[in-house]
Amino acid sequence: MTDFVIRPPQQASVAVSGGQARFPIRRVFCVGRNYAAHAREMGKDPEREPPFFFTKPADAIVPAEGSVPYPPLTGNLHHEIELVVAIGKAGANVSSARALDLVWGYGVGVDLTRRDLQDVAKRMSRPWDWSKAFDASGPCGPLQPVAETGHLSQGEIWLKVNGETRQQGDLADLIWPVGDVIAYLSEAVVLEPGDLIFTGTPAGVGALQVGDAVTAGIERLGEIAFTIGTP
Ligand code: MN
């Protein structure tokens, strides 16, 4: 046993559907602008340039249930519904054809974004961390093993706020599907079991207020529901 000078942080983890065992989280990678209509609403031309990535801390992943706190330093907190991929096997420089072998399972997640801070970061050529990597910025529902869901290359993905549809898309519209995302990511880092990948959001991102009820889902993965709590 390693002797630590302070108590080591608790292992970050996310629930797994239908049991008590949890999936331990190592790192969280997120793809930017992976649906053409969302790229357009963010003012970008959705040409098929290579995907780009940003990250969140492992412990930014919180259960997508109950109350998720409205974060500090923002007046424009945005929802981004995303398919989450859980990596169960290590891999470097994997081909798109072999990439899906690394997948342990899938989940429904929301990439919460302090859009006003992101706008400033873009304008001033600063990093995105403060807009993307804050506490509780990644509400995520229970993961489901690929053995039960199969791989997800199509199916509806949606998000509602107070019962009103805000985002609606289809996984078939991913510019870079899951296998390609994993292949690109594995060129940059050695993927390891416990890594999560948020695969990008369809169009319709928008602001959340304290008290808003968020419901969201992905075909074959079920639904999540949480409210935005006080800071
Ligand atoms: Mn996103």
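Numbering of ligands and ligand atoms starts at 1, following listing order. No experiment lies behind these values; they were computed from the predicted model shown.
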Side-chain donor-acceptor contacts of residues 206-214 below 3.5 Å, not counting sequence neighbours, with atom names and distances?
from : atom 1 : to   : atom 2 : distance (Å)
D212 : OD1    : N162 : ND2    : 2.9
D212 : OD2    : Q209 : N      : 2.8

Whether the side chain of Q144 engages the backbone of L221 through a donor-acceptor N/O pair (distance < 3.5 Å, no angle test) should be reported. yes
Main chain of G91, side chain of S186: is a donor-acceptor contact present, judged purely on distance under 3.5 Å? no
Kindly say whether the aromatic ring centers of F52 and W176 come within a distance under 6.0 Å. no
Donor-acceptor pairs under 3.5 angstrom involving side-chain atoms of residues 23-33: please list them, not counting sequence neighbours.
from : atom 1 : to   : atom 2 : distance (Å)
R27  : NE     : D195 : OD1    : 3.1
R27  : NH2    : V190 : O      : 2.7
R27  : NH2    : D195 : OD2    : 2.8

Would you please name every residue forming a side chain to side chain donor-acceptor pair (under 3.5 Å) with E223, sequence neighbours left out? none
Within-2.8 Å protein N/O/S contacts of the Mn ion (ligand 1): E80 OE1, E82 OE2, D111 OD2
